[in-house]
Structure formats: C-alpha cells, structure tokens
Amino acid sequence: MKKNMVMLALTLALLFIYNGSFAWGLTGHRVVAEIADHYLNHKARRNIQKILGNESLAMAANWPDFIKSDPAFNYLNSWHYINFKSGLNAEQLNQQLEQDTTANAYNKLTMLIRQLKGVPSLDQNTKIMYLRLLIHIVGDIHQPMHTGRPEDLGGNTIKLYWFNQATNLHRLWDEQLIDFQQLSYTEYTRSINFANKQQRAAWERDSIDQWLYESYQIAESLYSEIQQEEKLSYRYNFDHIATLNQQLLKGGIRLAKLLNEIFG
C-alpha cells in the first residue's frame, strides 16, 4: 500500500512538471502584470478594484499557478498553453486555432474576455477567478515555450544544463533566465518599461492570434539552436535577454489594452 502511494505521488509530480503549465515563474508574471498596471485608464482601474479589492494585478497574476495545489482545479492545467507542431506558417497556425476546440490557452482566453466583457450577471467570485486567469494567461502566451511542440511538451523533455545545473528548455525560459537577472519584479519592471508611443500602438493593434504566432516563431528559433544535454551559461543569457525582455514588455502592454477594453 505504501509503495503504491509513493508511485502515485511520483506520477503526479511528473505530470505537474511536464504538463507545460508554468510560464515566467513568479517574477515574470508579476512583471507583466505590473507593466499593465502602468497603462490602465482611470475607469478600468476603478472597475478592476471593485473586483480585486486591495489585490494588485501583480499579486493576482500567480493565483492560477498557486491553485494547482488544489486538485479540484486540475481542469485549469491545459488553459496555460497551446502546442503547435513545427513548420507552420501564419495561415496554418490560424487554421489550427479555428479547428482546435480543446481547453487551450487561446480558447480559454477568448472565453474569459467574452465572459468578463459581456456577462454583467457574473457573480463576484467568478469575476475574481476569471480576471486572475486572464491576467495570467496573457503572460503565459508571451512565453515562447508555451507555444512549443507537443512531442516534447513545450520543451520540457529537452534536457539542458544551466550553469551546470540540470534543467530543461521550458524551465529555462519560465524562470531561470529571469531569475538570473537578480531583480525584484518592481526593479525588473522599471528596467524594461520603456516602450515609446509608436511601439505601444503597434503592439496594441496586434490580435491574439498574432501574439501566438509571434511566440511560436521565437519558439521555433529556440528549438533550432539547441541540442539535448547542451551546457548553457552567460552567452545564452547575452544572446536572448533582449527577446525575453521584449516579450515581458509586450505582454504587459497588451494585457493593459485588454483590461482597458473590458473594464474601461
């Protein structure tokens, strides 16, 4: 009996690691949300406060990962990512979005937007949950490996070494590159939040399917340059930190645009 319990625990742990459901880690999600907070209009800020109370966007951003400790919310796991096979062009990716009816990040994000925008009768607890999920999923789909390949679980089975520590491609982009900068989420936000009006306007015009294709193209590039068991350190950070920072910044600005449309 004890042996069976141990095996069950190990199985659940592996599923938890490999389901591709984490993105950006604590700091990254808070950076995206904190950037968004800078661009909220007054009406949106007021209406969001009616839902979240004293909980900031940055603190709300990680609830969908924290809630994984409760098995009753396991159905949310697949909401955090969407996998694409290699070699798709924009039209083929959009075809998959149109045809795939599973509970993935794209379908659930569009559902959350529709519900928060168009269903005034939602009860308060549902509004809180849906808003937290929306904040989080927008961050998720700006992490390139959350649009990764199904056969390697979004890079989770691509084993690497980060400064001689065993890791994988997904985890590296979730948290280790961000943590390597050794900044709090407020320091990180201040260090990258410098988009000009033209950049903001361009990023705000992009549709969600464009966000996904953009992340997918980055993921394709990341796959092409890596090998199993490769040892990575300073050079990988130097080559990729600008891309990572731009994805965080885009995620925050686009999140603010969504929140202003829904609540402003």
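The closest donor-acceptor contact from the side chain of Thr189 to the backbone of Tyr185 lies under 3.5 Å. For Thr167 (side chain) and Trp162 (main-chain N/O), no donor-acceptor pair under 3.5 Å exists by modelled atom type. Although no hydrogens or angles enter the test, the distance criterion places no donor-acceptor pair under 3.5 Å between the side chain of Gln217 and the main chain of Asn89.
Remark: aromatic rings of His142 and Trp211 are close, center separation under 6.0 Å. Here His146 and His80 keep their ring centres 6.0 angstrom or further from each other.
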* To do: Just do the side-chain contact (heavy atoms from CB on, under 4.5 Å) check on Leu97 and Ile82 with the steps written out, would you?
  => CA-CA 9 Å; Leu97 295 179; Ile82 179 169; 3.5 Å; yes

* Tell me, with the steps shown, if Asn83 and Leu153 meet side-chain contact (heavy atoms from CB on, under 4.5 Å). => CA-CA 8 Å; Asn83 293 137; Leu153 305 173; 5.7 Å; no

* Check the pair Leu183 / Ser191 against side-chain contact (heavy atoms from CB on, under 4.5 Å), numbers first and verdict last. => CA-CA 9 Å; Leu183 298 170; Ser191 74; 4.0 Å; yes

* To do: Test side-chain contact (heavy atoms from CB on, under 4.5 Å) on Leu258 and Glu261 and set out the steps.
  => CA-CA 5 Å; Leu258 267 186; Glu261 288 178 348; 4.0 Å; yes

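In this structure, the side chain to side chain donor-acceptor pair (under 3.5 Å) partners of Asn41, at least two apart in sequence or on a different chain, are Asn260. Under the salt bridge (Lys or Arg N to Asp or Glu O under 4.0 Å) criterion, Glu34 pairs with no residue at all, not counting sequence neighbours. Annotation: side chain to side chain donor-acceptor pair (under 3.5 Å) contacts of Asp152 (sequence neighbours excluded): Tyr223. With sequence neighbours left out, the side chain to side chain donor-acceptor pair (under 3.5 Å) criterion links Glu225 to His240. Listed by chain and number, the residues in a side chain to side chain donor-acceptor pair (under 3.5 Å) with Asn74 amount to none (sequence neighbours excluded).
By the 4.5 Å heavy-atom criterion applied to side chains, Leu133 and Lys108 are not counted as neighbours. Side-chain contact check for Tyr236 versus Leu177: some heavy-atom pair is nearer than 4.5 Å. The shortest side-chain heavy-atom distance between Tyr234 and Phe180 falls under the 4.5 Å cut-off. Side-chain contact between Leu160 and Gln228 is absent, with no heavy atoms from C-beta onward closer than 4.5 Å. Proximity of Leu222 to Pro144: side-chain heavy atoms (C-beta onward) are separated by under 4.5 Å at one or more points. Between Thr157 and Leu169 there is no side-chain heavy-atom pair separated by less than 4.5 Å. Inter-residue side-chain proximity for Asn193 and Tyr39 is flagged as met; some heavy-atom pair is nearer than 4.5 Å. Side-chain contact check for Met129 versus Asn125: every heavy-atom pair is 4.5 Å or farther apart.
The shortest non-hydrogen separation linking Asn47 to Phe263 is ND2-O, 2.7 Å. Across every non-hydrogen atom of Trp203 and Ala195, the tightest pair is CZ3-CB, 3.8 Å. Between Asp100 and Asn107 the shortest heavy-atom distance is O-ND2, 2.8 Å. The shortest heavy-atom contact between Arg132 and Pro64 is O-CG, 3.7 Å. Nearest heavy atom pair, residue Lys85 against residue Tyr216, reads O-OH, 2.8 Å. Across Trp24 and His29, no two heavy atoms sit closer than the pair CB-N, 3.6 Å.
For the atom pair Arg254 CZ and Ile141 CD1, the distance stands at 9.0 Å (nearest 0.5 Å). Taking CD1 of Ile135 as the reference point, atom CG of Asp37 lies at 9.5 Å (rounded to 0.5 Å). Separation of atoms OG1 (Thr110) and CG (Asp209) is listed at 11.0 Å; rounding is to 0.5 Å. Residue Asn237 holds its CG atom at 8.5 Å from CG of Leu244, rounded to the nearest 0.5 Å. If you take CG on Asp206 and CG on Leu212, they are separated by 11.5 Å, rounding to the nearest 0.5 Å. Between the CD1 atom in Ile51 and the CD1 atom in Ile128 there is a gap of 8.0 Å [rounded to 0.5 Å].
A salt bridge does not link Lys159 to Glu230: none of the charged side-chain nitrogens sits closer than 4.0 Å to a carboxylate oxygen. Salt bridge absent: Asp123 and Lys127 never bring a charged side-chain N and a carboxylate O closer than 4.0 Å.
Within a 6.0 Å sphere centred on CD of Glu151, heavy atoms belonging to other residues, nucleotides or ligands number more than 12. Applying the 6.0 Å contact sphere to CD of Gln227 captures no more than 12 heavy atoms from other residues, nucleotides or ligands.
With hydrogens and angles left out, the side-chain atoms of Asn245 and Gln181 include no donor and acceptor closer than 3.5 Å. There is no side-chain donor-acceptor pair under 3.5 Å between Glu175 and Thr27. A donor-acceptor contact under 3.5 angstrom links the side chains of Gln210 and Ser207, judged on distance only. Using modelled atom types, one finds a donor on one side chain and an acceptor on the other under 3.5 Å when comparing Ser86 with Glu220. Tyr213 and Asn94 share no side-chain donor-acceptor pair at under 3.5 Å.
Judged as a salt bridge (Lys or Arg N to Asp or Glu O under 4.0 Å), not a single pair has a partner in residues 186-199 (not counting sequence neighbours).
Taking the six-membered ring for Trp and thresholds of 30 and 60 degrees, Phe73 and Tyr75 have nearly parallel ring planes, at less than 30 degrees apart.
Using a 4.5 Å cut-off between side-chain heavy atoms of Ile, Leu, Val, Met, Phe, Trp and Tyr, with links allowed through other members, Ile226 and Tyr161 fall into different hydrophobic clusters.
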